[in-house]
Amino acid sequence: MNVLISNWSSVQSLPESYIFPPERRPGTYIIPSSKDIPLIDLENINGPERALIAQQIVKACQNFGLFQVINHGVSRELMDQTMKVFKEFFASPAEFKAIFYSNDLNSSCRLYTSTLNYENEKIHYWRDNLTHRCHPLEDHIDCWPEDPHYRKVVGEYSIEVKKFLLTILELICDGMGLERGYFKGELIKNQLISVNHHIPCPDPSLTLGMQAHCDPNLISILQQGNVCGLQALKDGQWIGVEPLPDSFVVIPGLQLRVISNGKLKSVVHRVVTDSKKSRTTIGTFLIPSNDILIRPADALLGSPDKPMYHGYTYKEFFSTFIGNNCEAERALECFKL
Ligand code: OGA
Ligand code: NI
């Protein structure tokens, strides 16, 4: 259990097993700037501005593949309480956390460090992660940490963020000319909460909190807290995604890219560490069921738009993604027509 960084009390220098070779180090990066990151305000989505907001979202997905959202409907109080609950989880005694430690992708509540491949990887990422399923709540809540307060707060949070995710998907449908309700049932069957925790790092220039990746699922949202760390790749440059108070970051996943026939992007992103502050982020992922067929939506095809990908099941995609070392482009290549 000493592998979990959240169990380390003080670290004076970066252990060698966290030092990446020079070409994989974060190096210098632009100081976080929110000017380049699209910001969407959902305050007026039920008024005449709805169509305009839908267009802004689609444009952000087309040009950037990531955006931030304010006035999303999840209360500040619930966001703060949930963040507090997760910080408390990572601060809890090693013996308590040991109950949840698992590198098994299929375990319903898993706490691990770096990646699920910790045992075999040469260099580790500077993060601990807690992931569990949360929809439908009654099927999964018994696997969560057995603390009534945790279950109450995280349960409520799961429901509220799901509503927000469905609103975003509906706006994407509106903005793209897909029928409302296209994203339903098996396409959004699974909901995961994935919490990253990084303790202060003795030398952020040498290591990473999370590797550069695209999210393989349908769509993700992220509650960043107030510590910088998330970076997105835009035109070959890493840009810091500045944490804005009471906001969520929305990241379209690779399945949205395929369903939109390549029209919507899924940004490459990574996490750098901070030398002074610990950082906790709450990710929520919507994921298709294993056996559902994913393919470009018919409504988006027709001359001159030929389908770019052939259909596949999410299970096939995910194993191809893992088999290709989580490299999005290589995985997608296997499904291109
Ligand atoms: C993720 C992710 C970013 C962060 O969990 O897929 O990209 O800042 N997280 O924690
Ligand atoms: Ni991600």
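Basis for what follows: all heavy atoms, side chains included, without hydrogens, waters or symmetry-related copies. Since we're looking at a predicted model, the values are computed, not measured. One-based numbering, in listed order, for ligands and for the atoms of each.
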Any chance the rings of Phe317 and Tyr312 have centres within less than 6.0 Å?
yes
Side chain Asn217, main chain Ile219, donor-acceptor under 3.5 Å
yes
Any N/O/S atom from His269 (main chain or side chain) under 2.8 Å of the Ni ion (ligand 2)?
yes
Quick test: of every protein heavy atom, which one is nearest to atom 1 (C) of ligand 1, and how far off is it to 0.1 Å?
Met210 CE, 3.4 Å
Give me the nearest non-hydrogen protein atom to atom 8 (O) of ligand 1 as residue plus atom name, then the distance to 0.1 Å.
Arg279 NH2, 2.9 Å
If the cut-off is 4.0 Å to any non-hydrogen atom of Asn196, which atoms of ligand 1 fall inside it?
4 (C), 5 (O), 9 (N), 10 (O)
With a 4.0 Å heavy-atom cut-off (strictly under), which part of Leu222 contacts ligand 1: side chain, backbone, both or neither?
side chain
Between OD1 of Asp215 and NE2 of His213, what angle is found at the Ni ion (ligand 2), rounded to 10 degrees?
90°
Check each of His213, Gln231, Gln211 against His269 using the side-chain hydrogen bond (donor to acceptor under 3.5 Å, both in side chains) test, and report the only one that passes.
His213
Can the ring centres of Phe20 and Tyr125 be said to be less than 6.0 Å apart?
yes
Within the 4.5 Å heavy-atom criterion, are Ile168 and Leu42 side-chain neighbours or not?
yes
Glu329 with Arg257: basic N within carboxylate O range, under 4.0 Å:
yes
Closest protein heavy atom (residue, atom, distance) for atom 10 (O) of ligand 1:
Thr281 OG1, 2.6 Å
Please confirm whether the backbone N or O of Pro145 pairs with a side-chain atom of Arg151, one donor and one acceptor, at under 3.5 Å?
yes
With a 4.0 Å cut-off on heavy atoms, is Gln224 in contact with ligand 1?
no
Using a 3.5 Å cut-off on N or O atoms only, is Ser194 in polar contact with ligand 1?
no
Please could you name the atoms of ligand 1 that Asp215 approaches to less than 4.0 Å, counting only its heavy atoms?
6 (O)
